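Have a look at the structure below before the remarks.
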Amino acid sequence: MVALIISIIFWLVGILIIFGGEYFVFKIKHAQHDLRKSKESLEFNDNSASIVRGIEAKALDYIPWYLIRIAASIVGLIVIAFGFVALGFVFR
């Protein structure tokens, strides 16, 4: 019975990791949008801050988002596989 509970925990953690990668990408893209809006609002008031915000927003453009999604999916699937290994101990 304990092995069944542990396997369910592994499955839930794996699913959270997979969806966590998507959530991470969503939050970073939202921050990028906020940086661009902040850059536009500071453009005439503080030129150096506007330049810094523009550089930060452009740096976020160069992040390969598909690699973050793939890495989170692979790690999540490995954790789910550990859940199936733990499920094997139920029938021992």
Side-chain angles (χ1 to χ4, degrees):
M1 185 66 180
V2 173
L4 182 63
I5 294 170
I6 291 173
S7 65
I8 291 172
I9 291 171
F10 271 118
W11 294 336
L12 291 176
V13 168
I15 290 171
L16 286 175
I17 290 172
I18 291 171
F19 288 125
E22 295 291 326
Y23 181 72
F24 177 72
V25 170
F26 171 75
K27 292 301 279 184
I28 294 295
K29 290 208 180 243
H30 185 70
Q32 181 181 16
H33 180 69
D34 289 344
L35 282 171
R36 287 197 175 136
K37 284 170 91 176
S38 175
K39 176 191 177 275
E40 291 172 0
S41 68
L42 289 174
E43 195 167 5
F44 297 108
N45 295 337
D46 189 4
N47 196 23
S48 62
S50 173
I51 291 171
V52 169
R53 298 275 164 81
I55 291 171
E56 290 172 350
K58 286 204 181 258
L60 291 177
D61 280 337
Y62 293 115
I63 295 175
W65 302 113
Y66 63 92
L67 289 180
I68 294 172
R69 289 182 177 136
I70 289 173
S73 297
I74 289 172
V75 170
L77 290 174
I78 289 171
V79 171
I80 290 173
F82 284 146
F84 282 106
V85 171
L87 188 63
F89 287 102
V90 170
F91 303 108
R92 195 181 114 187

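Keep in mind the model is a prediction, meaning the values are calculated, not measured.
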May I ask you to list the residues sharing a hydrophobic cluster with I28, side-chain cutoff 4.5 Å, ordered by chain and number? F24, V25, L35, L60, I63, W65, I68

With rounding to the nearest 0.5 angstrom, report the CD1 to OG distance, I78 to S73. 11.0 Å

Taken to the nearest 0.5 Å, the spacing of I80 CD1 from I15 CD1 works out to 5.0 Å

Can you name the closest pair of heavy atoms from S7 and G83 and give their distance? CB-O, 3.0 Å

Atom of A86, atom of A3 and distance for their closest heavy-atom approach: O-CB, 3.4 Å

S38: partners by side chain to side chain donor-acceptor pair (under 3.5 Å), with sequence neighbours left out: R53

I'd like to check the side chain to side chain donor-acceptor pair (under 3.5 Å) partners of E22; sequence neighbours left out, ordered by chain and number. R69

Does one hydrophobic cluster hold both [X] and [Y], with members joined at side-chain heavy-atom distances below 4.5 Å?
| X | Y | result |
| --- | --- | --- |
| I9 | V79 | yes |
| I8 | I5 | no |
| F19 | Y66 | no |
| F82 | V75 | yes |
| F10 | I18 | no |

For F84, ring pair (Phe, Tyr, Trp, His ring centres under 6.0 Å) partners two or more places apart: W11

Once salt bridge (charged side-chain N to carboxylate O under 4.0 Å, His left out) is applied, what residue pairs with a partner in residues 1-13 remain, sequence neighbours excluded? none

Any pair with a residue in residues 54-67 that passes salt bridge (charged side-chain N to carboxylate O under 4.0 Å, His left out), sequence neighbours left out, goes on the list, sorted by first then second residue, please. R36-D61

Aromatic plane relationship, F26 with Y23 - under 30° parallel, 30 to 60° tilted, over 60° perpendicular: tilted

